[in-house]
> 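Could you have a look at this structure, given as C-alpha cells, before my questions?
Note: hydrogens, waters and symmetry copies are ignored here, and every other heavy atom, side chains too, is used. Naming convention: chains lettered A, B, ... in sequence-line order (proteins, then strands); numbering from 1 in each chain. The structure displayed is predicted, hence computed values, not measured ones.
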Amino acid sequence: MELLQLHYFKKVAELEHMTHAAEALNIAQPSLSKAISRLEEDLGVKLFERYNRQIKLNENGRIFLRRVEAVLHELREARRELDESNQKNDHTIRLSVTIPRVLPDLISGFLKEEPQVHFKQYVQSVPKMTEKLRSGELDFCISSVPIQAEDIKWRPLMTEEILLIAPPGHWLETKSHISLYELRDEAFVSMNEGYGIRNLTDKYCQLAGFKPHIAFEGDEPGVIGELVDKGLGIAFIPSVSLIGNKTAHLPVIRLQDPICERTIGLAWSTRRYLSPIAEKFQGFLSDYFKVLEEKLRKTVAHRSSET
DNA sequence: ATCTGTTCGCCTCTGTGTAA
DNA sequence: TTACACAGAGGCGAACAGAT
C-alpha cells in the first residue's frame, strides 16, 4: 500500500467522481481508476459501490476513509513537529475568540515576552471554531461557550459576573443589586439569538420565571452601551465589557436570584502537536485571565457601589 | 452524441535481489 | 559498493461498454 494511493482514495472519496478527482489530482482518469482498483485488490474489499456511471463510497470505504484521514493528519503533524524542532516555522499562533475586547491587552502582553510571535485572529461561530480546531487551521479558541467535541479539550480560564446596565435616570439607577425576577416587565437591548451571552441570559431569565421583552436586538456588541444610554432599554453585559469607557457613565447593577455568571475557557485539539511557543502562550493565558478575573471583581464591586 | 468508468497496451521509474 | 536484471506501480492514450 502506497501513500500516494491513500491520497488518491481520499480525493475520490471526497468527490465520489472519478473524472473530477483525476482532474483535481492532475493525473489521467484511467491512472486513478487503476490505482483505486489496486488498492481495493490489496485490501481484499470494495471501497466504492459502482452504479452505472456513478461511484459511491460504501461502508468499507467509510471505515477506511476515517483511518486514512487519521494517518494523513498524523503525517502532517509529524512534518509540523519536525519543522518546529528545526526552527523552520514562523512562530504563528492562530487564534479565534468570542470576546475580542480582551485581545489588544492580551496580545500586546504576550508580545512583550515573545516579540517574534505572529498572531492571526479569526472571528467565528462556535461550530466553525470546533471544525477549524480539528482541521488544524486554528491553534486555540477562547470562548465563552464550552466547546465539547471529541479530540477537543476545553479548560476554564476565568469566571465573570453578568451585570445589568441601565440608562441614566432609570429607576434601577439607585440599586446596587437586583433580583432577576424584578426585571420581568423591563425592555431589554440585547444581542441576537444564537450569541453565547444572549443564550445564557435567556436561560437565566427562564430560571427566574420570565421571558425577557427584547426592545432591540443586534449583532454589534459595541453599540449595546450606546443604545442603553439613549434609553432604549436595559442590557445584560459581561463584566469584561466594563473594560473601556463606553459604559463608564452608566449605572451598573449586580444580579441575584440567581447570581448570573459565565465562564471563559480555552479550547484546543488534543490530536495536534503544540509548538513550544503555543504551549508558552497557553501558560500565559492562564496567568493573564487569573489577573483579569481579580481585576474585574474589583471593578464590579467599585462600579456597583457607585450607584 | 455525450459522458463516465474500466480495460488494455505500452512506456518510465523505482525498489529489490544478486553477482562481481 | 557498484552494476545489472527483473518485477511491479504509476503514468498515458486509445478503445470499449453502458447510461443519459
> Ion pair present between R134(A) and E131(A), side-chain N to carboxylate O less than 4.0 angstrom?
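Answer for the salt bridge query: no.
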> By nearest atom, which of the nucleotides dA14(C), dG5(B), dG11(C) is closest to the I27(A) side chain?
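Of dA14(C), dG5(B), dG11(C), dG11(C) is nearest to the side chain of I27(A).
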> Mind calculating the distance between CD1 (I36(A)) and C1' (dT7(B)) to the nearest angstrom?
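That distance rounds to 16 Å.
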> Tell me the interatomic distance from K56(A), atom NZ, to dG5(B), atom C1', rounded to whole angstroms.
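K56(A) atom NZ is separated from dG5(B) atom C1' by 15 Å.
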> Is the CD1 atom of I259(A) crowded by more than 12 outside heavy atoms at less than 6.0 Å?
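At most 12 heavy atoms, drawn from other residues, nucleotides or ligands, come within 6.0 Å of this atom.
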> By nearest atom, which of the nucleotides dG11(C), dT7(B), dG5(B) is closest to the S31(A) side chain?
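Nearest to the side chain of S31(A) among the choices is dG11(C).
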> Nearest to the T19(A) side chain among dT7(B), dG5(B), dC12(C), which nucleotide is it?
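In terms of side-chain proximity for T19(A), the closest of dT7(B), dG5(B), dC12(C) is dG5(B).
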> For L32(A) and dT6(B), what is the distance between atoms CG and P respectively, to the nearest whole Å?
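These atoms are roughly 9 Å apart.
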> Where the side chain of H17(A) is concerned, which of dG13(C), dG5(B), dG11(C) is the nearest nucleotide?
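Selected nucleotide (nearest to the side chain): dG5(B).
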> Starting at CG of L15(A) and ending at C1' of dT4(B), how long is that distance when rounded to a whole Å?
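The answer, rounded to whole Å, is 14 Å.
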> Can we say D139(A) and R272(A) salt-bridge, meaning some charged N sits less than 4.0 Å from an Asp/Glu carboxylate O?
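Looking at D139(A) and R272(A), the cut-off is met.
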> Can you tell me the distance, in whole Å, between the NE2 atom of H20(A) and the P atom of dC3(B)?
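Atom NE2 in H20(A) sits about 11 Å away from atom P in dC3(B).
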> Round to a whole Å and report the spacing from CE of M18(A) to C1' of dT7(B).
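Distance, rounded to whole Å: 13 Å.
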> With respect to the phosphate group of dT6(B), does any side-chain polar atom (N or O) of S33(A) fall under 4.0 Å of OP1 or OP2?
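Result: yes.
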> Round to the nearest Å and state the distance from Q5(A) atom CD to dG11(C) atom C1'.
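Taking atom C1' of dG11(C) as the reference, CD of Q5(A) is at 14 Å.
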> Do K11(A) and E14(A) sit within salt-bridge range, that is, some charged N less than 4.0 Å from a carboxylate O?
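Yes.
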> Reckon F48(A) touches a base, only the sugar-phosphate, or nothing at all at heavy-atom distances under 4.0 Å?
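No contact at all - F48(A) keeps every heavy atom at 4.0 Å or more from the nucleic acid.
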> For dA9(C) and Y8(A) - does any side-chain N or O of the residue sit under 4.0 Å from the phosphate oxygens OP1/OP2?
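No.
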> Is the centre of the F281(A) ring less than 6.0 Å from the centre of the Y288(A) ring?
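No.
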> Any idea which of dG10(C), dC12(C), dT6(B) is nearest the L4(A) side chain?
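Closest of the options to the side chain of L4(A): dG10(C).
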> Atom NZ of K34(A) to atom P of dG13(C): distance rounded to whole Å?
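Whole-Å distance recorded here is 13 Å.
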